[in-house]
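Chain identifiers are assigned alphabetically (A, B, ...) following the order of the sequence lines, protein sequences preceding nucleic acid strands; residue numbering begins at 1 within each chain.
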2 protein chains.
Amino acid sequence: MNANKYILKIKEAGLKVTPQRVAILKVLTELNNHPCAEEIAEVLKKDFPGLSLATIYNTLETLAQKQIITKVQSADGKLRFDARLDMHHHLHEMNTGKIEDYYDEDLNSILQEYFSNKSIPGFIVQDIKLQIKGEYINQKLK
Amino acid sequence: MNANKYILKIKEAGLKVTPQRVAILKVLTELNNHPCAEEIAEVLKKDFPGLSLATIYNTLETLAQKQIITKVQSADGKLRFDARLDMHHHLHEMNTGKIEDYYDEDLNSILQEYFSNKSIPGFIVQDIKLQIKGEYINQKLK
DNA sequence: TCTTAAATGAGAATTATTATTAAATAGAAA
DNA sequence: TTTCTATTTAATAATAATTCTCATTTAAGA
């Protein structure tokens, strides 16, 4: 039932359930590292030789279109993806370029409160995410 | 004196002041549109034929390194830049992919207040920016 | 001026992404 | 089940974005 979590999501979106799609969604979810296509290929090539990069790009685009995953905004000029759809934020580590998740319920409440009162003229807000730029003390390699 | 604003910034960073650097910084500042290298080239090619794309990439990278400009986090897989360093946020228009500035002093106060109390363990915050995803009502082409 | 380290331009090289198309296959229907 | 067909995949060509290389030019200090 746990392994079927991915199958279910794909099926519910009206997409055909293929081993490639399931594997890509699984890896993206478990890596939880905002990987680009290349990084997903790297992980999958052991269990999945013959998986084409083009398929990875296609699949990620398709899953994003169906809102099963999202595109991550990054400063490195690569397409990056995220399987987490719940409200969370991103720590951008300046030295390494890594993007880590930052969960903060208090912050979420404050933001929701603020934007429920103050709206942006003509603009319908769908999602709010903080990019928090900074660096770890002591080169901590988290 | 106004035109020298750019010269001054470049000089203060310890960089050589070249016409190319001044022009690129000027265009980036005046466009205020989070352009990529290609878009800057497009604008400059009239007044500046012979300006190499490589020079634009180099210059943008150099200026970013010296913190005269910043790299913009985008979802389109391109390197984008911003000459505005003051605290502001970005509206990401879902249909067009455009990134617009969003200034909000009240919001800034709330964020500064919040993060001055609650720190992120081991992490030194340098900048906070909201990515506000959404869309304009009525296809408004701002 | 002269000198020199740094910057530029031109284009090659590399990397990232998209497009094309023949072969394979998921899933609906028989 | 087996058949059928629209979708999906793999392979690779094509394109787009970025970086690299290196000969030439130039900013700026002596």
> Side chains of A:I120 and A:F115: does their closest heavy-atom pair fall under 4.5 Å?
Replying inline: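 They are in contact (side-chain heavy atoms under 4.5 Å apart), so the answer is yes.
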
[X] [atom1] to [N] [atom2], straight-line distance once rounded to whole Å:
{"X": "B:I10", "N": "C:dA6", "atom1": "CD1", "atom2": "P", "value": "17 Å"}
{"X": "A:E42", "N": "C:dT15", "atom1": "CD", "atom2": "P", "value": "14 Å"}
{"X": "A:L60", "N": "D:dT8", "atom1": "CG", "atom2": "P", "value": "15 Å"}
{"X": "B:L15", "N": "C:dT8", "atom1": "CG", "atom2": "C1'", "value": "14 Å"}
{"X": "A:K11", "N": "C:dA26", "atom1": "NZ", "atom2": "P", "value": "12 Å"}
{"X": "A:I56", "N": "C:dT17", "atom1": "CD1", "atom2": "C1'", "value": "13 Å"}
{"X": "B:L79", "N": "D:dT19", "atom1": "CG", "atom2": "C1'", "value": "11 Å"}
{"X": "B:I7", "N": "D:dA27", "atom1": "CD1", "atom2": "C1'", "value": "12 Å"}

>> For B:D104 and B:Y102: C-alpha separation, side-chain torsions, deciding distance, then whether side chain to side chain donor-acceptor pair (under 3.5 Å) applies.
In response: CA-CA 6 Å; B:D104 186 333; B:Y102 173 66; 2.6 Å; yes

> Given B:E100, which of B:L91, B:I132, B:N33 fulfils the side chain to side chain contact (heavy atoms under 4.5 Å, CB included) condition?
Replying inline: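 In the set B:L91, B:I132, B:N33, the residue that makes a side chain to side chain contact (heavy atoms under 4.5 Å, CB included) with B:E100 is B:L91.
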
>> I need the single residue from A:L31, A:N32, A:V27, A:L25 that forms a side chain to side chain contact (heavy atoms under 4.5 Å, CB included) with A:T29. Which is it?
In response: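 Testing each of A:L31, A:N32, A:V27, A:L25 against A:T29, the sole residue satisfying side chain to side chain contact (heavy atoms under 4.5 Å, CB included) is A:L25.
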
N or O in side chain of [X] less than 4.0 angstrom from [N] OP1/OP2:
{"X": "A:T18", "N": "D:dT9", "result": "yes"}
{"X": "B:K16", "N": "C:dA7", "result": "no"}
{"X": "A:Y57", "N": "C:dT18", "result": "no"}
{"X": "B:Q20", "N": "D:dT26", "result": "no"}

Which one, [options], comes nearest to the side chain of [X]?
{"X": "A:T55", "options": "D:dA28, C:dT8, D:dT9", "answer": "D:dT9"}
{"X": "A:R21", "options": "D:dT18, D:dT8, C:dG27", "answer": "D:dT8"}
{"X": "A:S52", "options": "D:dT9, C:dG9, D:dA10", "answer": "D:dA10"}
{"X": "B:T59", "options": "C:dA7, D:dA10, C:dT8", "answer": "C:dT8"}

> For DNA chain D, whose closest nucleotide is more 5', that of B:A54 or that of B:G77?
Replying inline: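 Its nucleotide being nearer the 5' end, the pick is B:G77.
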
> Start at the 5' end of DNA chain D and walk down; is the nucleotide closest to A:N58 or to A:L53 reached first?
Replying inline: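 It is A:N58, whose closest nucleotide lies nearer the 5' terminus.
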
>> Donor-acceptor pair, distance only, cut-off 3.5 Å: does the side chain of B:H88 make one with the backbone of B:D101?
In response: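 Judged by distance alone, no pair lies under 3.5 Å.
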
